[in-house]
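Reviewing the structure listed below.
This structure is a prediction, so every number in the text was calculated from the model and none was measured. These numbers come from the heavy atoms of this one structure, side chains and all, not from hydrogens, waters or symmetry mates. Sequential numbering from 1 along the given sequence is applied to the chain's residues.
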Amino acid sequence: MDRMAHDSMISFGDDKPRRTFLRDLGQDHRVPLLVAGLSAVAAFGSLISEWQTTTLDGLGFGGETAATARVLPTDLPDLGAIGAGYLTGLLLLTVAVVLTLFGPAGGRRYAQLTGFAVGGVLLALLVTLTPHLGETSLLIPRYYTVELTGDHVRVALGRGVWCALFAVCIALVAIRLPHRDRSLVTPEPELRDEPLELTITPAAPFAAFPGERDQPHRS
């Protein structure tokens, strides 16, 4: 009895490992492509949108008074070295995403690590740049702002910053999602019917006939 209890084991539930939400999403190969597409659209929006808006209220050229407020946008080329760094990081992040989605399975891990590193640096750059763009105008030099008050100059963040933050975050999600191995599956060999081998050998009769063989059978 003790041996039967020791040898037998009763288990309940499924033996398969628990699946996470991201892993379930990665089962559909269209989800990473969709996320990467959204990231590409947001990145394109960051290139064509303004990153900062400077509103001049009551000021004109040469210190003259203007009747209406003027809004001056700050585009990506106006960021100077920071804009060039963002473009370089965005290019490297794009290459990492493409290699992760369409590259060989052997180099996918290295592409993911590169994408995480570049995306982290871009996020740090954008997070550091966001408060500066919300407080200081990039179009008006600092020695001009000494004579100006907050009533005359108002600075606000543009759509380019938010598009850039969204593009980088979604690109990291696209890299993080698990991807299926796109290698070709080797088909199983077909089972062919082998010919039957028949062997004929002499055997003893299953019924014995007593008496002489030349006499008719008697029951």
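- The shortest distance between side-chain heavy atoms of L123 and L172 falls below 4.5 Å.
- At a threshold of 4.5 Å between non-hydrogen side-chain atoms, the residues L101 and L33 count as touching.
- Connection of F166 to V121 is not established within any shared hydrophobic cluster, with ILVMFWY side chains joined at heavy-atom distances below 4.5 Å, either directly or through further cluster members.
- When every heavy atom of A174 is checked against every heavy atom of P32, the shortest pair comes out as CB-O, 4.2 Å.
- Applying the side-chain hydrogen bond (donor to acceptor under 3.5 Å, both in side chains) test to S39 and every residue at least two apart in sequence or in another chain returns nothing.
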request  = Starting from the C-alpha separation in whole Å, work towards a yes-or-no answer on side-chain contact (heavy atoms from CB on, under 4.5 Å) for Y86 and L79.
outcome  = CA-CA 10 Å; Y86 170 74; L79 299 181; over 6 Å; no
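- A chain of hydrophobic side-chain contacts below 4.5 Å, direct or via other Ile, Leu, Val, Met, Phe, Trp or Tyr residues, connects V98 to V168.
- Residues A96 and A111 approach most closely at CB-O, 3.6 Å, considering heavy atoms.
- Looking at heavy atoms from C-beta onward, L76 lies in side-chain contact with L47 at the 4.5 angstrom threshold.
- Taking CG from L157 and CH2 from W51, the interatomic distance works out to 10.5 Å, rounded to the nearest 0.5 Å.
- Linking ILVMFWY side-chain heavy atoms closer than 4.5 Å, directly or via other members, places L93 and I82 in a single hydrophobic cluster.
- In this structure, L38 CG and C169 SG are separated by 13.0 Å, a value rounded to the nearest 0.5 Å.
- To the nearest 0.5 Å, atom CD of residue E135 and atom OG1 of residue T130 are 11.0 Å apart.
- T74 has its side chain out of reach of E50: every pair of non-hydrogen atoms, C-beta onward, lies at least 4.5 Å apart.
- Criterion: ILVMFWY side-chain heavy atoms under 4.5 Å apart, direct or through other members. Under it, L87 and L165 are part of a common hydrophobic cluster.
- Looking only at side-chain heavy atoms (C-beta outward), L72 and T53 stay at 4.5 Å or farther from each other.
- Between P73 and D78, the shortest heavy-atom contact is O-OD2, 4.1 Å.
- Criterion: ILVMFWY side-chain heavy atoms under 4.5 Å apart, direct or through other members. Under it, L92 and L122 are part of a common hydrophobic cluster.
- In this structure, S46 contributes its side chain and A43 its backbone to a donor-acceptor pair below 3.5 Å.
- Between the Q52 side chain and the L138 main chain, a donor and an acceptor come within less than 3.5 Å of each other.
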